[in-house]
Amino acid sequence: MSAPNAGDTAWVLVCAGLVLFMTPGLAAFYGGMVRTRNVLAMLQQNMIALGVVSLTWVLVGYTIAFGDDAGSGLFGNLELFGLADLKVPPAPNLHVVDGRITIPTLAFVLFQMMFAVITPALVTGATAGRLRFGGWVLFLAVWSVVVYAPIAHWLWHPGGWLAKFGTQDWAGGLVVHASAGAAVLAVLLVVGRRRNWPHTAAPPNSIPLTIVGAGILWFGWFGFNGGDGLQANGLAAQAVLNTHLAAAAAMLVWLALERLTDGHSTVVGAVSGAVAGLATVTPTAGYVNAASAVAIGALAGLVCHFALKLKYLLRLDDALDVLAVHFVGGMLGTLLLGLFGNRGVNPLGADGLFLGGGGGLLWRQLVGVVSVVAFSFVLTWLIAAGVQAFIGLRVPPADQERLDQAQQGADAYHLGGVTSLTAPGAPRRRTAAAPAGEPAVPSGQRVRVVTALLEPDPAANSADLRDALLAAGAISVIVSDAAVATTTPQASLLPRGYWQDQPLSARLRVTVLVGADGVGAVLDELDRMGARRSDTFVQEAERVQS
C-alpha cells in the first residue's frame with residue numbers, strides 16, 4: 001500500500017476546514033435576512049447541524065455512503081459502522097479519482113462529513129420562522145442517514161448505480177443542492193406558510209450580516225469545489241478558478257437584471273447572484289474549462305433570478321429563496337455539464353454536447369436529476385410528516401414572529417434605550433447612585449410641555465437640535481422615536497425585488513420643557529425644523545415637589 005501523500009492530505013484537510021466554515025457562513029447569510037426576533041433561532045438551526053450530522057455520519061452515514069456496495073448500487077453495507085476497521089485509503093477510483101490518490105481514509109471521512117453537515121442546513125432558509133427546534137433536530141438526524149447518505153453512494157461511490165450509469169457530479173449539484181432543494185419542497189408542504197404570506201413582507205434585520213455570511217460562503221466554496229479531486233494539483237486549481245469565475249459572472253448578470261427590472265442594483269442582489277453561480281458551477285467545477293465556467297455562471301445569474309417567481313407559481317412560502325438559488329442552480333449546473341463537459345480538463349469526465357460528445361452525457365445527467373429529486377422529495381415528505389405527527393416540526397402560529405424568545409428566552413439585539421441600560425442582576429456589587437443635580441426650574445413653578453413630531457432628516461444633527469431649542473428658551477429636551485399613520489403608504493424596496501407598503505412613517509417625537517414666556521420661541525424653532533402645528537401640543541405642567 002502506498003504511503004499517504006503529505007501535500008494531498010494537507011490540501012484535503014484544509015478543504016474540510018473551509019467547508020466546515022461554510023456552515024456558520026450559511027447561518028450568518030440566512031440570519032441577516034430574517035426578522036429581528038427570529039435571528040438566534042435561525043443561527044441555531046444551522047449550527048446544530050454541526051453537532052447532529054457529524055455524529056450520524058460517523059456512526060452510520062459514512063458506511064451507507066462509502067462502505068462496500070451492498071450489491072444493488074443503492075447503498076453501502078454496514079461493515080464500517082462507527083468507523084470500525086478503517087485500514088486502507090479510499091479505493092483507487094473512489095469519488096471520481098484515479099489510482100494515484102493516497103490520502104488517509106480519515107481525511108476523506110472528515111472532508112465528506114462537512115458536505116453531509118451543510119446539505120440539510122440549506123433547508124432552514126426556506127422554512128424561516130416555522131421550525132420547532134426539537135423536531136428539526138430529529139429531522140436532521142433521520143434525513144442525513146435515510147436521504148443524504150444513499151444519494152452520496154449513488155453518485156460518489158464507484159459501485160453506486162448512477163456512478164455506473166455515467167451520471168457525473170463533481171462536488172454536489174445533485175448530492176447537495178438538488179437533494180436539499182427537493183427536501184425544501186417536501187418540508188414546505190408539511191410546515192405550511194407563514195401568517196399572511198405573501199401579503200406581508202419580512203424585512204431583513206441586518207443586511208451587513210448577510211453580506212459577511214455570503215463572503216464566508218464564497219471563501220469556503222473554494223474548499224467545497226477545490227478538494228473533490230482529493231489532490232493538490234492542476235485540476236484542483238482549475239476547480240477553484242472555475243468556482244470563482246462562475247460566481248463573478250452570475251453576480252454581474254444578476255445585478256444587471258435587477259437594474260432592468262427593479263431600477264436598482266443592490267448588494268443583496270450581488271451576493272444572491274454570486275451564491276447562485278457557486279451552486280450552479282458545483283457539479284461542473286472539475287469537468288469544464290474557465291470559459292465554460294463563465295458561461296455557466298452567466299446562465300445561473302439569468303435563470304436563478306427569474307426563478308424567484310417559482311415560489312409564487314407553486315404557492316410555497318420559501319422565505320429566503322432556497323428553491324431559486326440552490327434547487328434551480330444545482331439542477332441547472334448538472335444539466336449544463338451535459339453541454340460543457342470537457343475530457344481535456346479531466347480525463348475521468350466526458351465530453352458534452354458542445355464538445356462533440358453528443359447527447360449521451362446530457363441524458364445521463366437528466367436521469368440523475370429526476371432520480372435524486374424524486375427520491376429526496378418522497379422520503380423527505382415521509383420523514384417531515386412523521387416528525388410532525390410524533391413531536392411536531394412546525395411551531396405554533398403565535399411563536400412565528402418571536403422564535404428567539406419562545407425557543408431561547410433571549411433576544412439577538414438590545415438596541416432600545418431601556419433594554420441597553422444596566423439593570424439589577426449584573427454580577428457586581430451594587431453602588432450608591434450619584435446625587436442628582438439641582439432642578440433647572442424650582443419646584444412648584446408652572447412650566448409648559450411642548451410636544452412635536454419632526455421628520456428625521458431635517459433634525460439629523462442632534463447637537464444642532466439641542467442647541468437650537470435651548471437657545472429658544474428650552475429648559476430640557478427629550479427626543480424619542482415615533483411613527484405616524486399615513487394616508488398614502490410608503491413603498492419600501494426589500495431584497496430580491498420584494499417591496500412592502502408601510503402605512504406608518506418614522507418620526508422623531510421632541511418633548512421640550514420650557515417656561516411660559518419661551519413657548520412662542522420654541523414653537524417657532526420647531527416650525528423651522530418642519531414640525532406641523534397640527535401635530536404639535538402645548539400642555540401646562542408643574543414641577544413635582546422634591
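Note that the structure is predicted; figures quoted are calculated from it, not measured.
- For the pair Met113/Val58, a side-chain contact is recorded, criterion being any heavy-atom separation below 4.5 Å from C-beta on.
- Counting only distance, with no hydrogens or angles, the side chain of Asp228 and the backbone of Gly286 share no donor-acceptor pair below 3.5 Å.
- When the salt bridge (Lys or Arg N to Asp or Glu O under 4.0 Å) test is applied to Arg194, the partners found at least two apart in sequence or on another chain are Asp317.
- Here His326 contributes atom NE2 and Thr280 contributes atom OG1; the two are 10.0 Å apart, rounded to the nearest 0.5 Å.
- Judged by distance alone, the side chain of Trp170 and the main-chain N or O of Asn225 form a donor-acceptor pair under 3.5 Å.
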Practice task
Take Val187 and Phe139, measure what side-chain contact (heavy atoms from CB on, under 4.5 Å) needs, and give me the verdict at the end.
Solution key: CA-CA 10 Å; Val187 173; Phe139 175 89; 3.8 Å; yes
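- Ile103 has its side chain out of reach of Gln231: every pair of non-hydrogen atoms, C-beta onward, lies at least 4.5 Å apart.
- Residue pairs meeting the side chain to side chain donor-acceptor pair (under 3.5 Å) criterion with at least one partner in residues 137-147, sequence neighbours excluded, are Thr56-Ser144, Trp143-Thr380.
- For Phe377, there are no ring-ring contact (aromatic ring centres under 6.0 Å, His included) partners at least two apart in sequence or on another chain.
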Practice task
Please assess Leu310 against Asp318 for the test side-chain contact (heavy atoms from CB on, under 4.5 Å), listing each intermediate value before the final yes or no.
Solution key: CA-CA 9 Å; Leu310 182 64; Asp318 174 8; over 6 Å; no
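- Remark: of the listed residues Phe115, Trp221, Phe327, Trp221 is the sole one forming a ring-ring contact (aromatic ring centres under 6.0 Å, His included) with His177.
- Ring orientation note: the planes of Phe66 and Tyr62 are tilted relative to one another, at an angle of 30° to 60°.
- Atom CD in Gln168 sits 4.5 Å away from atom OH in Tyr287 (nearest 0.5 Å).
- Here His305 pairs with nothing under the side chain to side chain donor-acceptor pair (under 3.5 Å) rule; sequence neighbours left out.
- The number of heavy atoms from other shown groups lying within 6.0 Å of NZ (Lys309) does not exceed 12.
- Heavy atoms of other residues, nucleotides or ligands lying less than 6.0 angstrom from CZ of Arg37 number 12 at most.
- Residues meeting the side-chain contact (heavy atoms from CB on, under 4.5 Å) test with Leu138, sequence neighbours left out: Val142, Val387, Phe390, Ile391.
- Using a distance-only test at 3.5 Å, with no hydrogens or angles considered, no donor-acceptor pair links the side chain of Asp169 to the main chain of Leu155.
- Residues satisfying the side-chain contact (heavy atoms from CB on, under 4.5 Å) test with Leu366, not counting sequence neighbours, are Leu335, Trp363, Val370.
- Nearest heavy atom pair, residue Ala126 against residue Leu188, reads O-CD2, 3.7 Å.
- For the pair Ser179 (side chain) and Val176 (backbone), a donor-acceptor distance under 3.5 Å is present.
- For the pair Met331 and Thr334, the minimum side-chain heavy-atom distance is 4.5 Å or more.
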Problem - side-chain contact (heavy atoms from CB on, under 4.5 Å) between Trp154 and Thr167, worked out - result: CA-CA 9 Å; Trp154 295 359; Thr167 302; over 6 Å; no
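- Panel note: side chain Thr284, backbone Val281; a donor-acceptor pair is recorded below 3.5 Å.
- Asp351 is linked by a side chain to side chain donor-acceptor pair (under 3.5 Å) to nothing, counting only residues two or more places apart in sequence or in another chain.
- Taking all atoms of both residues into account, the shortest heavy-atom contact from Cys304 to Val325 is SG-O, 4.2 Å.
- At distances below 3.5 Å, at least one donor-acceptor pair connects side-chain atoms of Asn5 with backbone N or O atoms of Asp8.
- For Trp218, the side chain to side chain donor-acceptor pair (under 3.5 Å) partners are His244, not counting sequence neighbours.
- Across Gly226 and Cys15, no two heavy atoms sit closer than the pair C-SG, 4.2 Å.
- Although no hydrogens or angles enter the test, the distance criterion places a donor-acceptor pair under 3.5 Å between the side chain of Tyr30 and the main chain of Leu122.
- Looking only at distances, a side-chain donor or acceptor of Thr266 sits under 3.5 Å from a matching main-chain atom of Gly269.
- Atom CG of Asp411 is separated from atom CG of Leu40 by 7.5 Å, given to the nearest 0.5 angstrom.
- Taken to the nearest 0.5 Å, the CG atom of Leu308 stands 4.5 Å off from the CH2 atom of Trp254.
- The minimum heavy-atom distance linking Thr282 with Gly172 is given by the pair CG2-N, 3.5 Å.
- Across all their heavy atoms, Leu337 and Pro283 have their closest contact at CD2-O, 3.7 Å.
- For Ala128, the side-chain contact (heavy atoms from CB on, under 4.5 Å) partners at least two apart in sequence or on another chain are Val34, Met42, Ala319.
- Counting only heavy atoms from C-beta outward, the side chains of Gln112 and Trp156 approach each other to under 4.5 Å.
- Although no hydrogens or angles enter the test, the distance criterion places no donor-acceptor pair under 3.5 Å between the side chain of Ser376 and the main chain of Val372.
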Exercise for the section: Begin from the C-alpha positions of Phe224 and Ile118 and carry the test side-chain contact (heavy atoms from CB on, under 4.5 Å) through to its verdict. Expected result: CA-CA 11 Å; Phe224 198 87; Ile118 197 171; 4.1 Å; yes
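- The side-chain contact (heavy atoms from CB on, under 4.5 Å) with Phe111 is formed by just one residue from the set Leu20, Val14, Leu230; it is Leu230.
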Side-chain donor-acceptor pairs under 3.5 Å in residues 73-81, sequence neighbours left out?
| residue | atom | partner | partner atom | Å |
| --- | --- | --- | --- | --- |
| Asn77 | OD1 | Glu79 | N | 3.2 |
| Asn77 | ND2 | Asp68 | O | 3.4 |

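- Leu185 is listed as a side-chain neighbour of Leu323, based on a closest heavy-atom distance under 4.5 Å.
- Counting heavy atoms from C-beta outward, Tyr413 and Asn205 have side chains that approach closer than 4.5 Å.
- From Thr124, atom OG1 reaches atom CG of Leu131 across 7.5 Å, with rounding to the nearest 0.5 Å.
- To the nearest 0.5 Å, atom OG of residue Ser206 and atom CE of residue Met33 are 11.0 Å apart.
- Identified under the salt bridge (charged side-chain N to carboxylate O under 4.0 Å, His left out) test for residues 38-56, with sequence neighbours left out: none.
- Taking each heavy atom of Asp404 and Asn38 in turn, the nearest pair found is OD1-C, 3.3 Å.
- The aromatic rings of Phe354 and Phe340 sit perpendicular to each other, their planes meeting at more than 60°, with 30° as the lower class boundary.
- Counting only heavy atoms from C-beta outward, the side chains of Asn346 and Gln238 never approach each other to under 4.5 Å.
- In the displayed structure, Phe21 atom CZ is contacted under 6.0 Å by at most 12 heavy atoms of other residues, nucleotides or ligands.
- For the pair Val288/Asn242, a side-chain contact is recorded, criterion being any heavy-atom separation below 4.5 Å from C-beta on.
- Under the rule for a side chain to side chain donor-acceptor pair (under 3.5 Å), the partners of Ser292 that lie at least two apart in sequence or sit in another chain are Asn289.
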